Trainee: 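Supplied in structure tokens, the structure appears directly below.
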Amino acid sequence: MIDFGGRSVIVTGAGGGLGKALVQVLAACNARVIACDVEGMDLSAEGIAEAHHFDLLDDAAVAAFAARATSGTPPAAVISNAGWTRAETLAAVTTEALDREMNLNFRSAALLSQALLPSMRNQPGGSAFVFVSSVNALAHFGNPAYAAAKAGLLAWMRAIATEEGGNGVRANAIVPGSIRTGAWEHRIAEKPEILGAVSRLYPLGRLVEPVEVARAAVFLASPAASGITGVSLNVDAGLLASNLPFLNEIA
């Protein structure tokens with residue numbers, strides 16, 4: 001059903017848990033994957049056609065990558081997946097943490113999309129941006145700087161969808177809950193009971209898997225979603241649909 005016909009799709013954060021799943025799903029859908037991540041991240045996975053190591057916090061490096069990526073055939077889609085957070089509460093948000101988390105999670109994605117946008121207009125078959133946001137953008141689960149940045153991504157996505165739709169450019173966002181990546185394996189090893197405690201917050205009774213989020217993102221990036229733009233799609237095991245602990249208490 002989903003076939004990119006060999007067209008290129010750019011993925012940032014391609015070496016992480018979700019990034020690897022995105023590469024795998026895109027390759028299975030006949031996409032030519034252009035994978036991006038920082039130095040030291042492994043971008044040798046099968047299915048990657050081009051690997052680019054650079055820091056999204058380096059404006060010059062972002063501009064240089066965008067120039068290379070658009071020098072030939074423009075990309076069919078961009079999946080802006082890179083993200084990072086450590087400041088879990090307001091008290092932990094120093095000026096340095098605020099700048100880093102806002103710049104990495106929002107500003108870099110915005111600048112990259114601006115740089116790539118001119119080449120993506122008026123392509124036969126259209127083009128698409130997919131931004132990986134977070135449930136933190138829609139309700140407070142901690143990590144306030146990260147949450148603010150991910151909320152900014154949703155606003156940016158809507159701006160592209162509205163202003164560029166006439167040029168054949170779509171923009172959408174994925175809103176994941178906790179994804180069971182390697183970061184969770186580390187937490188579970190340190191505190192085995194945390195998985196059960198967190199899972200009870202989700203109506204599906206579990207975290208979402210990277211491939212589940214990847215499939216949703218790839219769908220929105222693909223021609224199969226040609227009539228969908230300006231949408232935020234929750235892939236969160238039902239977290240934002242309810243307050244399950246509250247329901248269990250009053251039941």
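Since we're looking at a predicted model, the values are computed, not measured.
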Trainee: Could you check if a side-chain atom of His53 sits within less than 4.5 angstrom of a side-chain atom of Val38, using non-hydrogen atoms only?
Mentor: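 They are not in side-chain contact.
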Trainee: Should the pair Asp59-Arg107 be classified as a salt bridge under the 4.0 Å nitrogen-to-oxygen rule?
Mentor: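 Answer for the salt bridge query: yes.
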Trainee: How close do Val208 and Gly177 get, counting heavy atoms only, and between which atoms?
Mentor: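 Closest approach of Val208 to Gly177, heavy atoms only: CG2-O, 4.5 Å.
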Trainee: For the residue pair Phe106 and Ala149, what are the closest heavy atoms and their distance?
Mentor: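 Looking at all heavy atoms of both residues, the closest pair is CB-O, 3.6 Å.
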Trainee: Set out, in order, the CA-CA distance, both residues' side-chain angles and the distance that settles side-chain hydrogen bond (donor to acceptor under 3.5 Å, both in side chains) for Ser199 and Arg206, then state yes or no.
Mentor: CA-CA 5 Å; Ser199 295; Arg206 62 175 178 83; over 6 Å; no
Trainee: Identify the heavy atoms of Asn172 and Ile228 that sit nearest to each other, and give their distance.
Mentor: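 Shortest heavy-atom separation between Asn172 and Ile228 comes out as ND2-O, 2.9 Å.
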Trainee: Heavy atoms, side chains only, cut-off 4.5 Å: are Ile194 and Ile188 in contact?
Mentor: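 Yes, their side chains come closer than 4.5 Å.
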Trainee: Heavy atoms, side chains only, cut-off 4.5 Å: are Arg7 and Pro75 in contact?
Mentor: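 Not touching, per the 4.5 Å side-chain cut-off.
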Trainee: Nearest 0.5 Å, please: how far is CZ in Phe131 from CG in Leu154?
Mentor: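 Here the interatomic distance stands at 10.0 Å.
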Trainee: For Gln114, look at atom CD and say whether over 12 heavy atoms of other residues, nucleotides or ligands are found less than 6.0 Å away.
Mentor: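 Count over threshold, so yes.
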Trainee: Backbone N or O of Leu240 within a donor-acceptor pair of the Asp236 side chain at under 3.5 Å?
Mentor: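 Judged by distance alone, yes, a pair lies under 3.5 Å.
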Trainee: Check this for me: does any side-chain nitrogen of one of Glu164 and Arg170 sit under 4.0 Å from a carboxylate oxygen of the other?
Mentor: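 Judged by the 4.0 Å cut-off on N to carboxylate O distance, Glu164 and Arg170 do not form a salt bridge.
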Trainee: Would you say Glu212 has more than 12 foreign heavy atoms packed within less than 6.0 Å of its CD?
Mentor: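 Counting other residues, nucleotides and ligands, CD of Glu212 exceeds 12 neighbours.
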Trainee: Would you name the heavy atoms of Ala147 and Asn136 that are closest together and state the gap between them?
Mentor: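 For Ala147 and Asn136, the tightest heavy-atom pair comes out as CB-O, 3.2 Å.
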Trainee: Indicate yes or no: at least one non-hydrogen side-chain atom of Ile174 is less than 4.5 angstrom from one of Val130.
Mentor: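 Yes. Closest side-chain heavy atoms under 4.5 Å.
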Trainee: Quick one: does any side-chain atom of Thr70 pair with a main-chain N or O of Leu116 as donor and acceptor, under 3.5 Å?
Mentor: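 Pair absent, no side-chain N/O of Thr70 close to backbone of Leu116.
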Trainee: Quick one: CZ on Arg32 to CD1 on Ile48, what's the gap to the nearest 0.5 Å?
Mentor: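 One finds 12.0 Å between CZ of Arg32 and CD1 of Ile48.
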Trainee: Charged N to carboxylate O under 4.0 angstrom, Glu185 versus Arg180?
Mentor: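 Answer for the salt bridge query: yes.
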Trainee: Under the 3.5 angstrom rule, does the side chain of Ser113 hit a backbone N or O of Ala110 as a donor-acceptor pair?
Mentor: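 Present.
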Trainee: Looking only at heavy atoms, which two atoms of Ala35 and Ala14 are closest? And how far apart?
Mentor: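 For Ala35 versus Ala14, the nearest heavy atoms are CB-CB, 3.6 Å.
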Trainee: Is the shortest side-chain heavy-atom distance between His52 and Arg68 below 4.5 Å?
Mentor: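 Answer yes - side chains close enough.
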Trainee: With a 4.5 Å heavy-atom cut-off, do Leu138 and Asn234 have their side chains touching?
Mentor: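 Heavy-atom side-chain distance check passes, below 4.5 Å.
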Trainee: Side chain of Lys150, backbone of Val132: donor and acceptor closer than 3.5 Å?
Mentor: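 Yes; at least one donor-acceptor contact below 3.5 Å.
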Trainee: Where do Asn81 and Thr12 land on the side-chain hydrogen bond (donor to acceptor under 3.5 Å, both in side chains) test, with the steps shown first?
Mentor: CA-CA 5 Å; Asn81 165 60; Thr12 66; 5.6 Å; no
Trainee: Might you point out which heavy atoms bring Leu18 and Pro210 nearest each other, and give the distance in Å?
Mentor: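 Result for this residue pair: CD1-O, 3.5 Å.
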Trainee: Hey, is the main chain of Ala87 close enough, under 3.5 Å, to the side chain of Glu101 for a donor-acceptor pair?
Mentor: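 The answer is yes, because a donor-acceptor pair under 3.5 Å joins these two groups.
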Trainee: Side chains of Leu112 and Phe65, heavy atoms from C-beta outward: is any pair under 4.5 Å?
Mentor: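 Yes, close enough: below the 4.5 Å cut-off.
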Trainee: If you count heavy atoms of other groups shown closer than 6.0 angstrom to CD of Glu46, is the number above 12?
Mentor: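 At most 12 heavy atoms, drawn from other residues, nucleotides or ligands, come within 6.0 Å of this atom.
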Trainee: Out of the candidates Val218, Val78, Ile79, only one should pair with Val9 under the side chain to side chain contact (heavy atoms under 4.5 Å, CB included) rule; please name it.
Mentor: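 When side chain to side chain contact (heavy atoms under 4.5 Å, CB included) is applied between Val9 and each of Val218, Val78, Ile79, only Ile79 qualifies.
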